[in-house]
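Whatever order the structure lists them in is the order used to number ligands and atoms, beginning at 1.
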Amino acid sequence: MSTLHLIDHPMIQHKLTLMRKVETSSKDFRELLEEIAMFMAYEVTRDLPLEEVTITTPICETKKNMIAGKALVIVPILRAGLGMVSGLHRLVPAAKVGHIGLYRDPETHKPVEYYCKLPQGIENRELIVVDPMLATGGSASDAITLIKQRGGKNIKFMCLVAAPEGIKVLQEAHPDVDIFTAAIDECLNENAYIVPGLGDAGDRIFGTL
Ligand code: PRP
Ligand code: URA
């Protein structure tokens, strides 16, 4: 079974509470999302492999560690996941970006795929799938299935707010994928929105309310 990592540092809780407030503007919402994504990226990348390299300081030659392997890949689930990419890029500027477009059908709440473009060589790269919301878990599960069908193996999922229902669905569908979240909320409502949640993340980021 995958591991569920709750990243609830006080600064993250504070910023997430600001994001939840209905009166928070789109501009502030986007900035807070970027900041939280950057903080969470420290934990999500904690186990990246290192390799020893020889460098020369002003004093002497020495062997020190640097990140090993090919550049990792950030995969935002469109639209809302886009709001997390810049925060991750601030920590990992060399990361490549793949895009998966999914929207939830308003009646069935099931994800509908409309776009998938991933970088070359994903089979040898670490992948971090990002989306602020894990509600029913359908979008995250389908996105990860698409990545696996194209050869991706080493995958993590990072969100801000997760519902218990979505965590269960994702862990059952992809037991090999660790989940990183800043909060585990109470439940879903009759429209499959997270309670208390923060509303529709895509609409709040892009001002399409
Ligand atoms: C939201 C959110 C997730 C999905 C989560 O996207 O950004 O992708 O819903 O819900 P789920 O876990 O029940 O699948 P939405 O479908 O509203 O599309 P948007 O980002 O384009 O607004
Ligand atoms: N998508 C969102 O943006 N918010 C929710 O609460 C559920 C799905």
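R104 places no side-chain N or O within donor-acceptor distance of the main-chain N or O of P111, the cut-off being under 3.5 Å. With hydrogens and angles ignored, the 3.5 Å screen pairs no side-chain donor or acceptor of E165 with any backbone N or O of T136. Using modelled atom types, one side-chain atom of Q13 and one backbone atom of D8 make a donor-acceptor pair closer than 3.5 Å.
In summary, R20 and D185 engage in a salt bridge, as defined by a charged side-chain N under 4.0 Å from a carboxylate O. Between K63 and E52 there is no salt bridge, since none of the side-chain N atoms of the basic residue sits less than 4.0 Å from a carboxylate O of the acidic one. A salt bridge links K148 with D176: at least one charged nitrogen is closer than 4.0 Å to a carboxylate oxygen. Residues R79 and D131 are not paired through a salt bridge, judged by the lack of any N-O separation under 4.0 Å between the basic side chain and the carboxylate. Remark: R90 engages E34 in a salt bridge, criterion side-chain N to carboxylate O under 4.0 Å.
For atom 5 (C) of ligand 2, the closest heavy atom belonging to the protein is Y193 CD2, 3.3 Å. Of the protein's heavy atoms, R79 NH2, 2.8 Å lies nearest to atom 22 (O) of ligand 1. Among protein heavy atoms, the minimum distance from atom 10 (O) of ligand 1 is reached at R104 CD, 3.2 Å. Residue, atom and distance of the protein heavy atom nearest to atom 17 (O) of ligand 1 are D200 OD2, 3.9 Å. Protein heavy atom nearest atom 5 (C) of ligand 1, with residue, atom name and distance: M133 O, 3.6 Å. Protein heavy atom in closest approach to atom 6 (O) of ligand 2: I194 N, 2.8 Å. Ranking protein heavy atoms by distance to atom 7 (O) of ligand 1, first place goes to D131 OD1, 2.9 Å.
Under 4.0 angstrom from ligand 1, the non-hydrogen atoms of T136 come from both its backbone and its side chain. Residue contacts with ligand 1 for A80 involve both N, CA, C or O and side-chain atoms from C-beta outward (heavy atoms, distance under 4.0 Å). Of the heavy atoms in A192, only backbone atoms (N, CA, C, O) come closer than 4.0 Å to ligand 2.
Taking only nitrogen or oxygen atoms, main chain and side chain alike, G199 reaches within less than 3.5 Å of ligand 2. Ligand 2 has an N or O atom lying under 3.5 Å from an N or O atom of A201, backbone or side chain.
Here atom 12 (O) of ligand 1 lies nearest to G137 when heavy atoms of G137, S139, G166 are compared.
Ligand 2 places these atoms under 4.0 Å from at least one heavy atom of R104: 7 (C), 8 (C). Those atoms of ligand 2 with a heavy atom of A135 less than 4.0 angstrom away are 7 (C), 8 (C).
Taking the six-membered ring for Trp and thresholds of 30 and 60 degrees, H5 and F180 have nearly parallel ring planes, at less than 30 degrees apart.
Using a 4.0 Å threshold on non-hydrogen atoms, atom 1 (C) of ligand 1 does not count as touching the protein.
Taking the side chain as every heavy atom from C-beta outward, R125 and L72 never approach each other to under 4.5 Å.
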